[in-house]
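Worksheet for the structure shown next.
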Number of protein chains: 2
Amino acid sequence: MTVLQGALADRDSWSAVGHCPIEKTMAIAGTKSAMLIMREAFYGTTRFDDFAQRVGITKAATSARLAELVEAGLLTKRPYREPGQRSREEYVLTDAGTEFMPVVWAMFEWGRKHLDDSRLRLTHIGCGAEAGVEIRCAAGHEVPPDEVGMRLVRRASVRGS
Amino acid sequence: MTVLQGALADRDSWSAVGHCPIEKTMAIAGTKSAMLIMREAFYGTTRFDDFAQRVGITKAATSARLAELVEAGLLTKRPYREPGQRSREEYVLTDAGTEFMPVVWAMFEWGRKHLDDSRLRLTHIGCGAEAGVEIRCAAGHEVPPDEVGMRLVRRASVRGS
DNA sequence: CAGGATCCCTAAGGATACTG
DNA sequence: CAGTATCCTTAGGGATCCTG
């Protein structure tokens, strides 16, 4: 249990705290349909019916999920108007929603490697090379999974977004 | 919709394929309790009752979730015996389970930044610096979210695990 | 300690029909 | 196109009690 460092080493005292960011994140976007809607938003889908059709859920579910994701600040509703039509709403990623994408990509990468022989790959649009999810530290090292730890800092540290 | 490159640009033809790695991954570990059990396994928890208590779910739920995660290959059951006791089972991360951790860490990071003022931080145990989830391409660039794309490759490419 | 059995409640989500 | 309304099924999960 070396991953919990410093004050966290006393596992049970920390466990009592109970306010885990992972838990809160799952409460917001922890359903299959919410995750797939985020995928679609990343792919560029903005219209209600397109979400419903491409995610493969009913309109009722689409409506509920979109409302929750807007409420949570991952998506935002924006009015648009096509010529000769009344004004409607479209759904686009917010900054917070865009910052959520690593979650989706990490799932994509894991599923691709372990469940699928899919020929889909993440790429860096700029240079065309394949891309993947990595852990890096502020000192610039790529951190392998068994060297990732968890620590309690005194107050908000500098490393923001 | 520039993120879908090449053959994928025809959004609807690809949509019909319908076998998305994200969806499959969510089907396996897409519940709050499964995700928290993975967090606990990473923290070093191995015992049934510890999972139940620290995740905050009943033993019935613990039993069901652990069995699913073992079945899916993320955890493995290993017998152990304490002196004077009968043999019991403990649950440890497999390689596939360890490779799943970026999903958990990405959720942790997003929740920490957007929902929480938690003082918990990911760290690189080796050097002590704070760590975070990044996208990098094979050419070594750090890829910002708006430069991540999705492409269909001819067959399995070299970049494996 | 590591479960299984039972009962009950809630949220996710399908199917279908209807509306502005 | 973008929803709302109604009805129904299923899975997650709490509570409680019991077992090896």
Side-chain angles (χ1 to χ4, degrees), chain A residues 11-12 18 20 22-41 45-72 75-92, chain B residues 11-12 18 20 22-41 45-72 75-92:
Chain A
R11 182 64 184 76
D12 289 308
C20 170
I22 301 168
E23 189 170 352
K24 294 185 182 177
T25 301
M26 281 300 286
I28 286 178
T31 66
K32 195 169 78 170
S33 56
M35 206 64 71
L36 296 184
I37 283 178
M38 292 304 293
R39 175 202 69 185
E40 280 308 316
T45 299
T46 61
R47 305 298 176 79
F48 184 94
D49 275 21
D50 288 338
F51 279 113
Q53 185 208 331
R54 292 171 181 168
V55 172
I57 56 179
T58 62
K59 294 185 183 187
T62 305
S63 177
R65 235 44 64 215
L66 284 176
E68 289 163 12
L69 291 171
V70 166
E71 164 73 24
L75 299 178
T76 187
K77 255 158 81 161
R78 203 167 57 184
Y80 75 97
R81 181 191 299 265
E82 288 192 346
Q85 300 276 29
R86 70 170 173 83
S87 178
R88 298 175 190 282
E89 304 283 349
E90 64 181 357
Y91 299 84
V92 294
Chain B
R11 182 65 183 77
D12 288 308
C20 170
I22 302 168
E23 190 170 352
K24 295 184 181 177
T25 301
M26 281 300 287
I28 288 178
T31 67
K32 196 169 77 171
S33 56
M35 206 63 74
L36 296 184
I37 283 177
M38 292 304 292
R39 174 201 69 184
E40 281 308 316
T45 299
T46 62
R47 307 295 178 80
F48 184 92
D49 275 20
D50 288 338
F51 279 114
Q53 185 207 332
R54 292 171 181 167
V55 171
I57 56 179
T58 63
K59 294 185 184 187
T62 305
S63 177
R65 235 43 63 213
L66 284 176
E68 289 163 12
L69 291 171
V70 167
E71 164 74 24
L75 299 179
T76 187
K77 254 158 81 160
R78 202 167 57 184
Y80 75 96
R81 181 191 301 264
E82 289 192 345
Q85 299 275 28
R86 70 170 172 83
S87 178
R88 299 175 189 283
E89 303 284 348
E90 65 181 357
Y91 299 84
V92 293

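Letters A, B, ... are given to chains in the order of the sequence lines, protein chains preceding strands, and every chain is numbered from 1.
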Five pairs at each end of the helix from C:dC1-D:dG20 to C:dG20-D:dC1: take the axis at both ends and give me the angle between them to 10°.
40°
Touch class at under 4.0 angstrom, heavy-atom based, for A:Y80 against every strand present
sugar-phosphate
Residues in salt bridge (charged side-chain N to carboxylate O under 4.0 Å, His left out) contact with A:R78, at least two apart in sequence or another chain
A:E90
Using a 4.0 Å heavy-atom cut-off, does A:G30 contact any base of the nucleic acid, only the sugar-phosphate backbone, or nothing at all?
nothing
Could you check whether the rings of A:Y91 and A:F51 sit parallel, tilted or perpendicular, using 30° and 60° as the cut-offs?
perpendicular
Taking side-chain hydrogen bond (donor to acceptor under 3.5 Å, both in side chains) as the test, write out the residues that go with A:K24, two or more places apart.
B:D116
Side chains of A:T76 and A:V70, heavy atoms from C-beta outward: is any pair under 4.5 Å?
no
Would you call A:V92 and A:L75 a side-chain contact if the rule is heavy atoms closer than 4.5 Å?
no
Between A:S63 (side chain) and A:K59 (backbone), is there a donor-acceptor pair under 3.5 Å?
no
For a 4.0 angstrom threshold against heavy atoms of chain B, report the outermost contacting nucleotides of DNA chain D in 5' to 3' order.
D:dG12 to D:dG20
When all nucleic acid strands are considered with a 4.0 Å heavy-atom cut-off, which category describes A:S33: base, sugar-phosphate, or nothing?
sugar-phosphate
Quick one: label B:R86 by what it contacts on the DNA or RNA (base, sugar-phosphate, nothing), any heavy atom closer than 4.0 Å.
base
Tell me every residue that passes salt bridge (charged side-chain N to carboxylate O under 4.0 Å, His left out) with B:E82, counting only those two or more places apart in sequence or in another chain.
B:R47
Quick one, B:R39 with B:L36, criterion side-chain contact (heavy atoms from CB on, under 4.5 Å). Give me CA distance, side-chain angles, the key distance, then yes/no.
CA-CA 5 Å; B:R39 174 201 69 184; B:L36 296 184; 3.8 Å; yes
Carefully, step by step, assess B:E68 and B:R65 under the rule side-chain contact (heavy atoms from CB on, under 4.5 Å).
CA-CA 5 Å; B:E68 289 163 12; B:R65 235 43 63 213; 2.6 Å; yes
Distance-only, no hydrogens or angles: does the A:T45 side chain make a donor-acceptor pair with backbone N or O of A:A41 under 3.5 Å?
no
Under 4.0 Å from any heavy atom of chain A: name the first and the last nucleotide of DNA chain C that qualifies, 5' to 3'.
C:dA12 to C:dG20
